[in-house]
Peer 1: 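I'd like to ask some things about the structure below.
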Amino acid sequence: MTVQTMNKPKSTSSFVEEFMAKVKARNGWETEFLQAAQEVVESVALVMDRHPEYAKAKILDRVVEPERVIQFRVPWMDDFGEVHVNRGFRVEFNSAIGPYKGGLRFHPSVNLGILKFLGFEQIFKNALTTLPMGGGKGGSDFDPKGKSDTEVMRFCQSFMTELCRHIGPNTDVPAGDIGVGGREIGFMFGQYKRIRNEFTGVLTGKAINWGGSLIRPEATGYGTVYFAEEMLAVKGKNLKGMTCLASGSGNVAQYLTEKCIELGAKVVTLSDSGGFIHDPDGIDTKKLQWVMDLKNVRRGRINEYVEQFPNATYTPVDPGLDHNPLWNVKADAAFPCATQNEVNAKDAQNLVNNGVQVISEGANMPTLPEGVDIFLDAGIHYGLGKAANAGGVAVSGLEMSQNSLRLGWSREEVDNKLKGIMKAIHRQSYDASKEYGCEGNYVVGANIAGFKKIADTMMDQGLV
Ligand code: NDP
């Protein structure tokens, strides 16, 4: 037995080591998947102690194995007549509580290990939302950056020509993720409809005219802020007047900034893969509108911000540095919203040293395990992605409900439901952390609450 710091679990380390050795033997090169699995296994070791029936039924062994993995060729032609071949994937990880649900990522870094990590996280995240959605994830190593609209369309059509055989409104319902926004969802929806001759809610993140939900574009960013507010409320605090750091400048970062402005907080940074901007005056509504136009319409780079707003500075990424200077800007709250593993131990230490009080993750697994330990040891409010960013998939679930009902709810109705769901996620995670002796440790709490729902359901459904 190892006894760790106060708000961490006293877990049976030999169980974790033995279990992870088996997972590593099977999935050795899938670094991100192993990282995600390690965190969940460490958290749920205590549950396994209390529930020998889960061990007997090999629930954990089954949970780490996807139900199905689909990999396919995606040939497409660029505007100059040259043929390209990308790889497409869909990982259908777990359908215990509903149809597979999770985004599609188009980014050159995409490989099976990354999609397995994202699909695995999605199982527990979706369970926490209280909605009936299983876990899945997919995508391609295609890079939409620098491609024309017609190239993106041809790629999306080719991708969906194969994917449409494997998905459906009651089977598997993909959404967007990095590199997949409204434009890509539109092209893929059009191709699905054309091939299957069906107008159904097979994708979420659709535009409002053809089956989308109000608040879906905003949901992940808004939800991440709502989760931060819930964590702060435990100590009677809120975000008003706080200086906030955000990374990324895509869908999640944009709407997170919007909600922070609305709540009286000041976001002073945004980034992309080239570097970050620091605007000490804060990004107000007008500046945010400009960023939205830059990123979503003109598809430009964040360094253009400083030409428009000269009080801000731009710092390019320096690959030689052992930390990201964005996380060394003094602030009260931090919201990583770009990608996995963007906050290392040094970054985490810088944030803590600078007095940050709350971290809420818009991105999936943005903090490395050593960084997470630093946050937990410092006793700050740390909301891990699978709880904090679940608002996106939650409103996707609400989009599915509206599609089934063939009606649309008002903005206010959806936003209220989103707030209620984020509250419920916080409550379940907090209660589970308390029940297992680690009050306020949302890593342990969220993993346990999500896992128990999946485990109980799998027990009900027999050996599947
Ligand atoms: P977008 O494609 O809209 O934006 C991604 C942003 O992150 C861009 O600014 C991008 O910069 C930056 N970024 C991506 N990869 C890297 C990298 N390797 N290094 C540095 N910066 C990078 O994606 P989203 O905003 O939708 O997604 C952001 C994160 O939020 C992801 O982790 C995603 O999984 C997670 N998430 C998204 C949800 C959603 O509803 N969209 C739901 C839940 C989680 P650049 O343009 O230079 O690539």
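Both backbone and side-chain heavy atoms feed into the values below; hydrogens, waters and symmetry mates do not. Numbering starts at 1 and runs along the sequence shown.
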Peer 1: Could you walk me through whether Leu326 and Leu245 pass side chain to side chain contact (heavy atoms under 4.5 Å, CB included), step by step?
Peer 2: CA-CA 8 Å; Leu326 187 161; Leu245 308 177; 4.2 Å; yes
Peer 1: Compare every heavy atom of Gly362 with every heavy atom of Thr220, then report the nearest pair and how far apart it is.
Peer 2: CG2-O, 4.2 Å
Peer 1: Are Met160 and Glu184 side-chain neighbours, meaning at least one heavy-atom pair lies under 4.5 Å?
Peer 2: no
Peer 1: Take a 6.0 Å sphere around NZ of Lys423 and say whether it holds more than 12 heavy atoms from other residues, nucleotides or ligands.
Peer 2: no
Peer 1: Would you mind checking if Lys137 and Asp177 are paired as a salt bridge, meaning a charged N to carboxylate O distance below 4.0 Å?
Peer 2: yes
Peer 1: Let's go through Phe199 and Phe189 carefully: what are the C-alpha distance in whole Å and the side-chain angles of both, what is the deciding distance for ring-ring contact (aromatic ring centres under 6.0 Å, His included) to 0.1 Å, and is it a yes or a no?
Peer 2: CA-CA 9 Å; Phe199 194 112; Phe189 184 80; 5.2 Å; yes
Peer 1: Please report the interatomic distance OG(Ser249) to CG(Leu270), rounded to the nearest 0.5 Å.
Peer 2: 6.0 Å
Peer 1: Please determine whether side chain to side chain donor-acceptor pair (under 3.5 Å) holds for the pair Asn341 and Gln35, giving the CA-CA distance in whole Å, both sets of side-chain angles, and the decisive distance to 0.1 Å.
Peer 2: CA-CA 10 Å; Asn341 293 336; Gln35 184 183 331; 2.8 Å; yes
Peer 1: Do you know which two heavy atoms are closest between Phe227 and Ala387, and how far apart they sit?
Peer 2: CZ-CB, 3.8 Å
Peer 1: Evaluate salt bridge (Lys or Arg N to Asp or Glu O under 4.0 Å) for Arg154 paired with Asp78, printing each intermediate quantity in order.
Peer 2: CA-CA 8 Å; Arg154 283 195 293 275; Asp78 69 21; 6.0 Å; no
Peer 1: Within a reach of under 6.0 Å around CZ of Arg301, are more than 12 heavy atoms found that belong to other residues, nucleotides or ligands?
Peer 2: yes
Peer 1: Any salt bridge linking Lys193 with Glu198? Criterion: basic side-chain nitrogen under 4.0 Å from a carboxylate oxygen.
Peer 2: no
Peer 1: Please check if any side-chain donor atom of Asp141 sits under 3.5 Å from a side-chain acceptor atom of Asn111, or the reverse.
Peer 2: no
Peer 1: Side chain to side chain contact (heavy atoms under 4.5 Å, CB included), that's the test. Do Cys156 and Gln191 meet it? Break it down for me.
Peer 2: CA-CA 8 Å; Cys156 288; Gln191 185 73 349; over 6 Å; no
Peer 1: Any chance CG of Asp322 has more than 12 other-residue heavy atoms, nucleotides or ligands included, within less than 6.0 Å?
Peer 2: yes
Peer 1: Does any N or O in the side chain of Asp347 come within less than 3.5 Å of the main-chain N or O of Asn324, such that one atom is a donor and the other an acceptor?
Peer 2: yes
Peer 1: Give a yes or no on this: more than 12 heavy atoms of other residues, nucleotides or ligands lie within 6.0 Å of atom CZ of Arg299.
Peer 2: yes
Peer 1: Does the pair Glu39/Lys386 count as a salt bridge with the N-to-O cut at 4.0 Å?
Peer 2: yes
Peer 1: Compare all side-chain heavy atoms of Phe120 with those of Val91 and state whether any distance is below 4.5 angstrom.
Peer 2: no
Peer 1: Would you compute the distance between atom NZ of Lys125 and atom CG of Asn447 and round it to the nearest 0.5 angstrom?
Peer 2: 12.0 Å
Peer 1: Take Arg216 and Ser396 through the test side chain to side chain donor-acceptor pair (under 3.5 Å) and record every step on the way to the result.
Peer 2: CA-CA 7 Å; Arg216 176 60 190 92; Ser396 275; 2.9 Å; yes
Peer 1: Is there a side-chain contact between Ile359 and Leu384, using heavy atoms and a 4.5 Å cut-off?
Peer 2: no
Peer 1: Angle between ring planes, Tyr222 versus Tyr255, binned at 30° and 60°: parallel, tilted or perpendicular?
Peer 2: perpendicular
Peer 1: Look at the side chain of Ser140 and the backbone N and O of Arg87, then say whether any donor-acceptor pair between them is shorter than 3.5 Å.
Peer 2: yes
Peer 1: Under 4.5 Å between any side-chain heavy atoms of Ile380 and Val356, yes or no?
Peer 2: yes
Peer 1: Mind listing the closest non-hydrogen atom pair of Phe33 and Val23 along with its distance?
Peer 2: CE2-CG1, 4.1 Å
Peer 1: Could Lys147 and Phe106 be counted as a cation-pi pair, given that NZ or CZ must be under 6.0 Å from the ring centre and within 45° of the axis?
Peer 2: no
Peer 1: Examine Arg50 relative to Tyr436 and say whether NZ or CZ is less than 6.0 Å from the centre of the six-membered ring and inside a 45° cone about the ring axis.
Peer 2: yes
Peer 1: Thinking salt bridges, do Lys116 and Glu30 make one under a 4.0 Å N-O criterion?
Peer 2: yes
Peer 1: At their closest point, which heavy atom of Val180 faces which heavy atom of Leu104, and how far apart are they?
Peer 2: CG2-O, 3.2 Å
Peer 1: Within the distance-only criterion (no hydrogens, no angle test), does the side chain of Asn251 pair as donor or acceptor with the backbone N or O of Pro217 below 3.5 angstrom?
Peer 2: yes
Peer 1: Determine whether Glu230 and Tyr226 make a side-chain contact, defined as any pair of heavy atoms from C-beta on separated by less than 4.5 Å.
Peer 2: no
Peer 1: Would you sort out whether Asp377 and Phe375 count as a side chain to side chain contact (heavy atoms under 4.5 Å, CB included), showing the intermediate values?
Peer 2: CA-CA 6 Å; Asp377 287 343; Phe375 294 146; over 6 Å; no
Peer 1: Answer yes when Arg411 and Asp415 have at least one side-chain N-carboxylate O distance shorter than 4.0 Å, and no when they do not.
Peer 2: no
Peer 1: Phe72 and Phe89: ring-ring contact (aromatic ring centres under 6.0 Å, His included), yes or no, with the steps?
Peer 2: CA-CA 6 Å; Phe72 50 97; Phe89 302 91; 7.8 Å; no
Peer 1: Looking at Glu151 and Asp79, would you say the former's side chain and the latter's main chain have a donor-acceptor pair under 3.5 Å?
Peer 2: yes
Peer 1: Roughly how far, to the nearest 0.5 Å, is the SG atom of Cys260 from the CD atom of Glu229?
Peer 2: 8.5 Å
Peer 1: Indicate whether the side chain of Glu361 and that of Thr224 have a donor and an acceptor atom separated by less than 3.5 Å.
Peer 2: no
Peer 1: So, does Gln402 use its side chain to make a donor-acceptor pair with the main chain of Leu398 at under 3.5 Å?
Peer 2: yes
Peer 1: Is the shortest heavy-atom distance from the side chain of Gln254 to the side chain of Cys337 under 4.5 Å?
Peer 2: no
Peer 1: Would Val234 and His426 satisfy side chain to side chain contact (heavy atoms under 4.5 Å, CB included), going step by step from the backbone distance to the final call?
Peer 2: CA-CA 10 Å; Val234 173; His426 178 269; 3.6 Å; yes
Peer 1: Are Ser360 and Tyr382 close enough that some pair of their side-chain heavy atoms sits under 4.5 Å apart?
Peer 2: no
Peer 1: Does Ser433 reach the main-chain N or O of Val444 with its side chain, forming a donor-acceptor pair under 3.5 Å?
Peer 2: no
Peer 1: Given 3.5 Å as the limit, does a donor-acceptor pair link the side chain of Arg105 with the main chain of Val110, or not?
Peer 2: no
Peer 1: Output the distance between atom CG (Leu376) and atom CG (Asn441), rounded to the nearest 0.5 Å.
Peer 2: 5.0 Å
Peer 1: Is the Tyr54 ring parallel, tilted or perpendicular to the His51 ring (thresholds 30°, 60°)?
Peer 2: parallel
Peer 1: Between Ala246 and Leu256, which heavy-atom pair has the shortest distance, and what is it?
Peer 2: CB-CD2, 4.0 Å
Peer 1: Got a donor-acceptor contact below 3.5 angstrom from the Glu65 side chain to the Asp61 backbone?
Peer 2: no
Peer 1: Please check if the number of heavy atoms outside Glu53 that lie under 6.0 Å from its CD is greater than 12.
Peer 2: yes
Peer 1: Are the side chains of Glu258 and Val225 in touch, meaning some heavy atoms are under 4.5 Å apart?
Peer 2: no
Peer 1: Within a reach of under 6.0 Å around NZ of Lys22, are more than 12 heavy atoms found that belong to other residues, nucleotides or ligands?
Peer 2: yes
Peer 1: What is the ring orientation for His84 with Trp76, classed by angle as parallel under 30°, tilted 30 to 60°, or perpendicular over 60°?
Peer 2: parallel
Peer 1: When you check the gap from the basic side-chain N to the acidic O, do Lys295 and Asp272 get nearer than 4.0 Å?
Peer 2: yes
Peer 1: Is a side-chain N or O of Asp172 found less than 3.5 angstrom from the main chain of Ile167, in a donor-acceptor match?
Peer 2: no
Peer 1: Looking only at atom types and distance, does a side-chain atom of Gln157 sit under 3.5 Å from a main-chain N or O of Met188, one as donor and one as acceptor?
Peer 2: no
